[in-house]
Amino acid sequence: MQLGVIGLGRMGQIVVDRTLEAGHDVVAFDLEPEAVATAADAGAEPAESISDLVDRLGAEKRIWLMVPAGDAVDATLEELDGHLESEDIVVDGGNSYFEDSVRRAEACSAAYLDCGTSGGPAGAHLGFSLMVGGPEWAYDELVPVFDAVATGPDGHERMGPAGSGHYVKMIHNGVEYALMQTYGEGFELLHEGRYDLDLENVASVWNNGAVIRSWLLELCEEAFREEGSDLGDVADRIEGGSTGTWTVQEALEQEVPLPLIYTALSERFGSRADDGRFSRRLASRLRYGFGRHDVPRRD
Ligand SMILES: NC(=O)C1=CN([C@@H]2O[C@H](COP(=O)(O)OP(=O)(O)OC[C@H]3O[C@@H](n4cnc5c(N)ncnc54)[C@H](O)[C@@H]3O)[C@@H](O)[C@H]2O)C=CC1
Ligand SMILES: O=C(CO)[C@H](O)[C@H](O)COP(=O)(O)O
């Protein structure tokens with residue numbers, strides 16, 4: 001099969017490599033010429049623009065987008081518009097908002113597959129886990145590519161109609177936030193607690209047979225090995241947050257309680273207060289108000 005890949009960053013390059021390794025042909029484009037050169041070194045046919053990429057693809061075009069979620073997806077689809085027919089297939093493998101994917105599927109002249117992709121660049125050697133939404137015929141047609149990009153045939157599934165792939169990935173990310181938060185809390189208590197513990201050793205022993213073993217826990221072990229038990233100079237600030245925000249918004253709309261995911265998201269927002277949390281400062285001042293307790297002051 002011949003696949004066009006647009007967006008050759010951390011994730012897109014892996015899509016290129018794995019598709020080539022499985023014996024397929026790849027035509028590759030990115031706004032950054034260096035990224036296109038890297039894909040060409042790996043064996044892909046380089047394209048100079050999106051219309052050049054389209055021209056290099058055969059009659060039935062299969063195109064995988066791996067650009068940042070949001071405007072970049074719309075901009076790419078706008079450029080593809082006019083070059084696509086109903087027998088063509090576009091896959092969006094990024095972390096797009098599922099309602100955007102429903103809208104794009106309706107507007108796109110080709111069959112549109114929204115594909116939630118999990119595994120991250122660090123898991124690429126195993127292949128990804130792919131959650132796909134959209135028309136069944138298009139999913140079936142792309143099975144050889146999904147087999148290549150995923151861990152294998154068990155690493156991808158069609159979830160349902162348009163939007164369902166990105167919907168499942170959005171909630172996956174909410175779970176990811178909460179798991180990271182709970183490992184963080186456990187290790188914080190171990191770090192602050194009664195014993196002087198080597199946290200890499202704790203993570204390692206937990207990863208060998210413990211109920212709570214997982215890939216994220218293996219990554220905790222790696223973090224303590226590389227940064228030390230006190231996490232060295234890693235700052236108390238967590239970026240990201242869009243997929244977790246969408247998960248919480250959806251839960252509010254569906255009236256489904258998910259306090260753990262909400263708390264994990266709140267911790268991220270709280271971590272970004274430059275000057276300490278206003279709410280905690282007010283609570284401290286109120287303790288003086290009612291109890292004449294001392295108020296710790298800034299220097
Ligand atoms: N990094 C991760 O752990 C994961 C990322 N994702 C999602 O995959 C998508 C890509 O992520 P990354 O590869 O990490 O981002 P990245 O920032 O490493 O790569 C994005 C690439 O897209 C290119 N690009 C941007 N706009 C473009 C356009 N209009 N036309 C052509 N190329 C364009 C950029 O030049 C860049 O090379 C995002 O939606 C992200 O949320 C999904 C799962 C895991
Ligand atoms: O989808 C992913 C992992 O599964 C991406 O790494 C995503 O960026 C994680 O979300 P956030 O940036 O909000 O932490």
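Every number for a ligand or one of its atoms is a count from 1 in the order of the listing.
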Original post:
Which ligand 1 atoms are under 4.0 Å away from a heavy-atom of E32?
Top reply: 35 (O)
**OP:** Would you tell me which option among P68, G7, S118 has the nearest heavy-atom contact to atom 20 (C) of ligand 1?
**Re:** P68
**OP:** Would you kindly say whether S101 and D114 are connected by a side-chain donor-acceptor distance under 3.5 Å?
**Re:** no
Original post:
When you measure from atom 19 (O) of ligand 1 to every protein heavy atom, which one gives the shortest distance, and what is it?
Top reply: G9 CA, 3.2 Å
**OP:** Just need the protein heavy atom nearest to atom 29 (N) of ligand 1, so name the residue and atom and give the distance.
**Re:** T76 OG1, 3.6 Å
**OP:** Please could you name the atoms of ligand 1 that A72 approaches to less than 4.0 Å, counting only its heavy atoms?
**Re:** 26 (N)
Original post:
In terms of ring plane angle, is the pair H293 and F290 parallel, tilted or perpendicular, where the classes change at 30° and 60°?
Top reply: perpendicular
Subject >> Residue selection (non-hydrogen contact nearest atom 40 (C) of ligand 1) among N95, V5, T243, I6 >> reply: N95
Original post:
By number and element, which atoms of ligand 1 are closer than 4.0 Å to a non-hydrogen atom of T117?
Top reply: 42 (C), 43 (C)
Original post:
Going by the order shown, which atoms of ligand 1 are within less than 4.0 Å of some heavy atom of G94?
Top reply: 7 (C), 8 (O), 9 (C), 39 (O)
**OP:** Establish, for the pair R292 and Y288, whether the NZ or CZ atom is under 6.0 angstrom from the six-membered ring centre and no further than 45 degrees off its axis.
**Re:** yes
**OP:** Heavy-atom contacts with H172 under 4.0 Å: which atoms of ligand 2 show up? List them by number with element.
**Re:** 4 (O)
Subject >> Per-atom contacts of ligand 2 with N173, taking only distances under 4.0 Å to non-hydrogen atoms >> reply: 1 (O), 2 (C), 4 (O), 9 (C), 10 (O)
**OP:** Report yes if some N/O of T117 lies less than 3.5 Å from some N/O of ligand 2; otherwise report no.
**Re:** no
Original post:
Do any nitrogen or oxygen atoms of G240 lie less than 3.5 angstrom from nitrogen or oxygen atoms of ligand 2?
Top reply: no
Original post:
Have Q181 and E185 got a donor and an acceptor in their side chains that come within less than 3.5 Å?
Top reply: yes
Subject >> Nearest neighbour in protein (non-hydrogen) for atom 9 (C) of ligand 1 >> reply: V67 O, 3.6 Å
Original post:
Nearest protein heavy atom to atom 13 (O) of ligand 1, by residue and atom, and its distance?
Top reply: M11 N, 2.8 Å
**OP:** Measure the distance from atom 6 (O) of ligand 2 to every protein heavy atom, then report the residue, atom name and distance (to 0.1 Å) of the closest one.
**Re:** E176 OE2, 4.8 Å
Subject >> Any donor-acceptor N or O pair under 3.5 Å, side chains T247, Y177 >> reply: no
Original post:
Looking at side-chain heavy atoms only, is the closest gap between H83 and L53 below 4.5 Å?
Top reply: no
Subject >> Side chains of L142 and L113 in contact at under 4.5 Å (non-hydrogen atoms) >> reply: yes
Original post:
With atoms numbered from 1 as shown, which atoms in ligand 1 lie under 4.0 angstrom from a non-hydrogen atom of A69?
Top reply: 39 (O)
**OP:** Give yes if a backbone or side-chain nitrogen or oxygen of R10 is under 3.5 Å from a nitrogen or oxygen of ligand 1, and no if not.
**Re:** yes
Original post:
Do any nitrogen or oxygen atoms of D30 lie less than 3.5 angstrom from nitrogen or oxygen atoms of ligand 1?
Top reply: yes
Original post:
Do N95 and ligand 2 have an N or O pair less than 3.5 Å apart?
Top reply: yes
**OP:** Around atom 1 (O) of ligand 2, find the nearest protein heavy atom and jot down its residue, atom name and distance.
**Re:** K169 NZ, 2.6 Å
Original post:
Would you say V36 and E48 make side-chain contact, with heavy atoms under 4.5 Å?
Top reply: no
Original post:
Identify the closest protein heavy atom to atom 11 (P) of ligand 2: which residue and atom is it, and at what distance?
Top reply: R268 NH1, 3.6 Å
Original post:
Thinking salt bridges, do R103 and D74 make one under a 4.0 Å N-O criterion?
Top reply: yes
**OP:** Look at ligand 2 and say whether G244 reaches it with a heavy atom at a distance under 4.0 Å.
**Re:** no
Subject >> Enumerated ligand 2 atoms positioned under 4.0 Å from heavy atoms of Y177 >> reply: 11 (P), 13 (O)
**OP:** Output yes when a side-chain donor or acceptor of R268 lies under 3.5 Å from a complementary backbone atom of E239, and no otherwise.
**Re:** yes
Subject >> Nearest neighbour in protein (non-hydrogen) for atom 27 (C) of ligand 1 >> reply: L31 CD1, 3.5 Å
Subject >> Proximity flag P121 to ligand 1, non-hydrogen atoms under 4.0 Å >> reply: yes
**OP:** State, with a plain yes or no, whether a side-chain heavy atom of N173 is found less than 4.5 Å away from one of M170.
**Re:** no
**OP:** Looking only at protein heavy atoms, identify the closest one to atom 10 (C) of ligand 1 and say how far it is in Å.
**Re:** M66 O, 3.6 Å
Original post:
Hey, which atoms in ligand 1 end up nearer than 4.0 Å to a heavy atom of G120?
Top reply: 3 (O)
Original post:
Does any non-hydrogen side-chain atom of Y112 lie less than 4.5 Å from one of L77?
Top reply: yes
Original post:
Below 4.0 Å from any atom of ligand 1, is there a heavy atom belonging to A35?
Top reply: no
Subject >> Contact check, side chains of T117 and V149, non-hydrogen atoms, under 4.5 Å >> reply: no
Original post:
Below 4.5 Å, heavy atoms only, C-beta onward: do I63 and F29 meet side chain to side chain?
Top reply: no
**OP:** Start with the C-alpha gap between Y183 and W206, add the side-chain angles, then the distance that decides, and say whether ring-ring contact (aromatic ring centres under 6.0 Å, His included) holds.
**Re:** CA-CA 11 Å; Y183 283 126; W206 281 355; 7.6 Å; no
**OP:** Taking the side chain as every heavy atom from C-beta outward, state whether Q2 and V27 have any pair of such atoms under 4.5 Å apart.
**Re:** yes
